[in-house]
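Okay, so here's the structure we're looking at.
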2 protein chains.
Amino acid sequence: MSVTIHQVAAEAGVSPSTVSNVLNGRSERMLPQTRERVEEAIARLGYRPNGPARQLRTGRSQALGLVVPSVANPFWGTFARHLEAAALQAGYRVLLCNSERDPARERDYLEELWADGIRGVVLCSSLPSLEHVLPLVERGLTLIAFDRTAQAGDPPSLVNISVDNAVGTELATRHLLQLGHRRLALVSGSLHSVNRRARLRGFEAALEEFGLTAADAVVWSGTADHDPAAHGYGDLDFPDLGRSAARELLATGRPPTAIVAINDMCALGIIAGARDAGLQVGTDLSVVGFDDIVLADLATPPLTTVRQPVPAMADAAFAHLRAGIERAGNGGAPGGSLLLRPELVVRSSTGPAPAP
Amino acid sequence: MSVTIHQVAAEAGVSPSTVSNVLNGRSERMLPQTRERVEEAIARLGYRPNGPARQLRTGRSQALGLVVPSVANPFWGTFARHLEAAALQAGYRVLLCNSERDPARERDYLEELWADGIRGVVLCSSLPSLEHVLPLVERGLTLIAFDRTAQAGDPPSLVNISVDNAVGTELATRHLLQLGHRRLALVSGSLHSVNRRARLRGFEAALEEFGLTAADAVVWSGTADHDPAAHGYGDLDFPDLGRSAARELLATGRPPTAIVAINDMCALGIIAGARDAGLQVGTDLSVVGFDDIVLADLATPPLTTVRQPVPAMADAAFAHLRAGIERAGNGGAPGGSLLLRPELVVRSSTGPAPAP
DNA sequence: GTGAAAGCGCTAACAG
DNA sequence: CTGTTAGCGCTTTCAC
């Protein structure tokens with residue numbers, strides 16, 4: 001079938017263990033010429049080590065897991081690409097899984113990845129509780145929680161990586177407030193998620209700074225019907241969420257003049273909804289997104305949004321994952337949250353508040 | 001470490017091979033009660049078979065490879081999600097790789113996947129020649145080429161799955177012609193790809209039907225600077241390509257009144273470019289895309305586009321892949337191209353030709 | 001400095 | 001019907 005280490009050994013006139021030593025960088029234990037002969041034989045035969053065999057023997061895998069809500073959302077696609085790039089550079093591969101935000105799928109995937117010998121996973125889940133995957137962590141899985149911050153019930157060693165969501169919406173909301181808007185809305189969808197609640201806090205904090213109260217703003221969290229988490233279509237419902245929200249909010253007696261969206265997909269939906277209602281986004285209505293997906297800049301009007309530093313977050317996730325795997329069992333990993341600072345990118349979907 | 005088949009056997013009071021038989025669905029060879037005892041033991045111990053060991057023994061892997069240009073393009077993200085869904089249902093996992101349209105990366109990935117025991121891969125590459133991966137196919141890799149049609153130099157067994165690109169642009173172009181447009185442009189980017197050339201053919205065919213010649217239309221294929229294939233940023237340059245094209249085309253003396261874009265990302269770029277130039281898309285200028293990504297409907301104006309039947313294509317890709325793997329060596333696979341019919345989705349980015 | 005041997009967890013003949 | 005056995009390809013002590 002495929003060429004094995006034995007054939008390489010025969011070709012080079014050495015034993016399999018010598019070949020193995022070459023493969024694993026233990027070349028100081030042999031004559032340079034021996035090493036050369038082996039390397040030639042490898043090249044000549046086009047030998048590549050058999051992954052599964054290696055893994056069976058060592059227990060280690062060269063692959064990492066990445067569980068995202070859905071790669072159909074460009075934000076996750078972009079993150080996946082950056083994580084893959086970081087991993088690749090260090091000789092790791094990334095196995096990608098779409099959870100559709102379903103905890104059962106999250107758990108099943110982690111179980112499978114574990115059974116496949118994968119010992120490190122980035123889980124993108126902003127569920128408040130991670131107890132559904134706790135058993136895996138106890139068995140020794142290195143888990144990085146992405147897009148989430150530490151919670152009281154977490155395993156002590158858990159590393160969380162996220163953008164600073166509260167700072168993000170605070171930046172966004174302040175921007176709107178500085179433009180003179182006084183009737184604001186936050187379109188959030190269900191608030192059963194750590195990061196959405198943080199975004200809500202940032203929104204409220206900014207209002208407070210400007211002396212406004214909860215009564216001056218509306219938080220549109222939708223109904224179960226609009227909640228992407230509820231019916232498991234992954235992230236593809238955010239646009240619908242935004243569109244419905246815009247329809248409802250704009251039909252009220254005193255509609256908001258500015259809307260903070262929970263993410264860019266949702267913001268795009270809001271823009272579509274505003275257009276349906278005959279409003280001009282950027283003048284009649286201001287909209288801010290969150291994420292800065294590729295298409296934010298291409299929207300009409302180009303979307304003002306809170307940029308997540310995706311490359312830096314991916315690098316950090318990989319670095320922690322790797323450290324966790326390579327420490328493996330030597331215990332003593334200090335868990336916690338890493339919150340990266342977002343940046344407000346002002347484009348044209350926001351503008352001065354229209355005269356009352 | 002983890003629980004093995006031996007412990008399950010001991011727990012159930014049977015031999016490992018009986019457990020293995022249960023695991024592999026050969027339960028007709030044993031008493032129902034034996035099977036039950038084994039299943040209880042499995043559940044009680046929380047046993048999961050060790051993937052690598054299984055794979056080493058059988059040579060088969062429960063994973064498939066998917067190599068896409070870049071998941072940061074929602075089209076590929078969506079395709080990946082659908083393929084994953086189809087695979088999952090049949091008990092397969094999908095290993096996702098981003099090639100950034102670089103043939104060397106395509107080859108390296110396939111080599112690695114092969115070494116990891118993966119015997120079936122969907123390669124999304126529209127390069128005219130697949131010789132860089134031919135050795136793998138000769139070794140027995142089941143390869144499905146996606147987004148590409150058969151070429152003379154292909155291995156005879158190669159299965160190609162693609163939308164019918166020529167029909168797609170023909171549909172799009174006819175639509176524009178029927179709306180009265182007579183000065184058209186195709187923004188294609190580099191034509192070194194099978195599917196883009198097919199799209200060009202469809203464009204020309206429609207012109208011909210309406211009695212127009214090549215002189216009535218311009219094909220904007222950009223410069224190397226604008227070619228996503230050339231500098232390996234994956235698919236993220238398509239918007240730039242479109243934007244540059246719009247800028248240049250609209251600055252000419254007799255600008256086109258309608259543009260066919262090579263894909264939706266590019267169309268979005270064109271819309272942005274038209275906006276930069278102060279034109280109203282849908283009235284002053286009509287734009288048609290290709291793919292129907294999630295965001296096409298959310299664009300301003302909503303994008304008229306050629307929809308690729310992604311779920312059906314993903315199902316077909318998986319079915320062929322599986323057939324190829326399971327046939328494995330029994331030879332006799334009949335290669336060829338499967339072209340699925342696209343559908344024109346008319347939204348508001350196209351409208352009647354403006355009066356001259 | 002190099003080789004022989006054992007075995008990772010599992011499957012599939014083949015015996016019993 | 002169930003158990004015994006012999007590896008899959010590789011790494012890693014431990015001898016030489």
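Every chain is numbered from 1, with letters handed out A, B, ... down the list of sequences.
- Contacts of B:R35 with the nucleic acid, taken as non-hydrogen atoms under 4.0 Å apart, are absent.
- Side-chain nitrogen and oxygen atoms of B:N24 include at least one within less than 4.0 Å of the OP1 or OP2 phosphate oxygen of C:dT11.
- Side-chain atoms of A:Q151 come within 3.5 Å of backbone atoms of A:T149 as a donor-acceptor pair (strictly under, hydrogens ignored).
- Around the CD atom of A:E131, the shell of radius 6.0 Å holds no more than 12 heavy atoms that belong to other residues, nucleotides or ligands.
- Distance from the side chain of B:T4 is smallest to C:dG9 among C:dG9, D:dC10, D:dT11.
- Contacts of B:P49 with the nucleic acid, taken as non-hydrogen atoms under 4.0 Å apart, involve only primed sugar atoms and P, OP1 or OP2.
- Among C:dG3, D:dC10, C:dG9, the nucleotide with an atom closest to any side-chain atom of A:R54 is D:dC10.
- The side chain of A:T58 lies closest to D:dT11, out of C:dC10, D:dC10, D:dT11.
- As rounded to whole Å, 11 Å separates atom P of C:dT11 from atom CG of B:L56.
- Counting any heavy atom pair closer than 4.0 Å across all strands shown, B:S17 reaches a base atom.
- OP1 or OP2 of C:dT2 sits under 4.0 Å from a side-chain N or O of A:T34.
- Taking atom CH2 of A:W114 as the reference point, atom P of C:dG9 lies 13 Å away to the nearest angstrom.
- Of all non-hydrogen atoms in A:G117 and A:S61, the two that sit nearest each other are O-CB, 3.1 Å.
- B:F79 and B:A314 get closest at one heavy-atom pair: CE1-CA, 3.6 Å.
- Checking the phosphate oxygens (OP1, OP2) of D:dT4, no side-chain nitrogen or oxygen of B:S15 falls inside 4.0 Å.
- Between B:P16 and A:G13, the one whose closest nucleotide on DNA chain C sits nearer the 5' end is A:G13.
- Here D:dT2 presents its C1' atom at 17 Å from CD of B:E36, a figure rounded to the nearest Å.
- One can place CG of A:N50 at 13 Å from C1' of C:dC8, the figure rounded to the nearest angstrom.
- Nucleotide D:dG9 holds its P atom 15 Å from the CG atom of A:L23, rounded to whole Å.
- Distance from the side chain of A:I5 is smallest for D:dC10 among the nucleotides C:dT2, C:dC10, D:dC10.
- Considering only side-chain atoms of B:R60, the nucleotide from D:dT11, C:dT2, C:dA12 that sits closest is C:dA12.
- Spacing between atom NE2 of A:H6 and atom C1' of C:dA4 amounts to 10 Å, rounded to whole angstrom units.
- Distance CZ (A:R26) to P (C:dG3): 15 Å, rounded to an integer number of Å.
- Across all strands, B:L31 comes closer than 4.0 Å only to sugar-phosphate atoms, never to a base (heavy-atom distances).
- Put simply, CD on B:Q55 is 14 Å from C1' on D:dC10, counting in whole angstrom units.
- Taking the nucleotide of DNA chain D with the nearest heavy atom to each of B:R57 and B:N21, the more 5' of the two is matched to B:N21.
- In this model, a donor atom of one side chain and an acceptor atom of the other lie less than 3.5 Å apart for A:N160 and A:R148.
- Closest to the side chain of B:M30, out of C:dG9, D:dC1, C:dG3, is D:dC1.
- Across all strands shown, A:S20 has heavy atoms under 4.0 Å from base atoms, whether or not it also approaches the sugar-phosphate.
- Judged by distance alone, the side chain of B:E106 and the main-chain N or O of B:V67 form no donor-acceptor pair under 3.5 Å.
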